[in-house]
Amino acid sequence: MTAKCTRCRDKAVIELRRHNAAFCKPCFLHFFREQVKRAIDKEDMLSPPDRVLVAVSGGKDSLALWDVLVELGYDATGYHIVLWTGEDYASDSLAHTQAFADERGLKLIVHDLKEERDFTIPELRKATGRSTCGGCGLVKRHEISKAAADLGFDAVAIGHNLDDEAAVLLGNVLRWDAQYLSRQSPVLAGDDGFVKKVKPLYRLTERETAAYAFLRGIDYQVEECPLVAGNTQLRYKAVLDAIERTSPGAKAAFYQGFLDHGREHFEGSDHVELRACASCGMPTPNEVCSFCRMVEQVDKSRA
Ligand code: AMP
Ligand code: ZN
């Protein structure tokens with residue numbers, strides 16, 4: 001690349017068309033941290049004394065997130081769920097996460113579904129009729145929220161980036177799903193027994209988190225989940241990428257525009273009374289939460 005760094009005029013290592021900018025390594029790392037700081041400030045996500053539980057998969061986004069939160073001075077503990085979507089994939093995900101934590105002396109909590117819940121993700125589809133990714137998402141949300149509540153963390157941080165959030169938004173808009181639109185936010189307030197949930201990478205693209213992880217020397221799991229093929233979100237991402245290629249900045253404008261003047265129109269569409277799940281105690285609008293109902297279905301299908 002012959003471009004010069006927009007900040008210091010040194011030789012650039014990455015060009016960001018959507019910002020009409022190019023950066024050398026130190027200036028890109030600075031840019032990345034500033035974007036995370038801006039996300040945290042703008043959306044009122046965290047304050048320094050907070051104890052944060054970071055959901056880490058072993059992939060580029062969540063390891064980059066953990067790295068940047070520690071760099072910014074947050075007390076951040078990792079939480080990794082062994083989902084068993086594939087034997088090799090599971091041990092590889094854990095190995096990358098564990099190595100990252102060990103090299104930096106960070107605390108990591110490992111939650112193995114097989115050992116602690118006696119089921120794995122591939123079993124869910126047959127037992128419940130849910131899509132694999134849908135069931136997996138429910139498991140991840142429940143397990144991390146429960147761990148954070150039980151262990152008294154102030155916030156949960158998730159590695160969703162701009163591409164993830166824009167793809168979810170596109171899906172919600174295509175169905176004009178008012179309930180989901182009212183809830184779609186880079187920060188979900190902690191109330192009714194839920195710990196606050198934040199997505200500090202929402203201003204950064206997948207390509208930018210990959211570049212950050214690479215430039216920081218983070219050894220992340222490159223391989224995709226073996227069960228992800230055909231996932232709807234991947235198709236929405238491809239559509240948004242196609243638009244972004246000819247209109248740099250369109251993805252960010254789509255998502256940021258929704259945050260700035262779209263979501264307010266949907267507020268209140270999701271108001272539901274919550275109570276404690278009769279089985280696990282987590283907040284739910286029903287007698288028993290969706291996670292516990294899913295576990296019951298798995299048990300039934302085995303009986
Ligand atoms: P995904 O659903 O795979 O796109 O992942 C979105 C985010 O969920 C990641 O950035 C992580 O913060 C979190 N996550 C995904 N997989 C795991 C896992 N196995 N354990 C803990 N957190 C995870
Ligand atoms: Zn429950």
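Order of appearance sets the numbers: ligands from 1, and atoms from 1 within every ligand. In what follows, residues are counted from 1 in the order of the sequence shown. Atoms considered below: every heavy atom in the structure, side chains included; atoms not considered: hydrogens, waters and symmetry mates.
Of all the heavy atoms of D164, none lies under 4.0 Å from any atom of ligand 1, so neither backbone nor side chain is involved.
Under the 6.0 Å distance and 45° angle rule, R263 does not count as a cation-pi partner of F258. Both tests pass for R104 against the ring of F100: distance under 6.0 Å to the centre and angle within 45° of the axis.
Scanning L94, L201, I158 for the heavy atom closest to atom 8 (O) of ligand 1 points to I158.
Among all non-hydrogen protein atoms, the one lying nearest atom 17 (C) of ligand 1 is S57 CB, 3.5 Å. The protein non-hydrogen atom at the shortest distance from atom 9 (C) of ligand 1 is G159 N, 3.9 Å. The shortest contact between atom 19 (N) of ligand 1 and any protein heavy atom is with I81 O, 2.8 Å. In this structure, atom 12 (O) of ligand 1 lies nearest to the protein heavy atom A55 O, 2.6 Å. The nearest protein atom to atom 6 (C) of ligand 1, hydrogens excluded, is given as H160 NE2, 3.3 Å; this is a heavy-atom distance. The protein heavy-atom contact nearest to atom 5 (O) of ligand 1 is K140 NZ, 4.2 Å.
Around the Zn ion (ligand 2), protein N, O or S atoms at less than 2.8 Å comprise C277 SG, C280 SG, C289 SG, C292 SG.
Ring to ring, H30 and F23 are not that close: their centroids are 6.0 angstrom or more apart.
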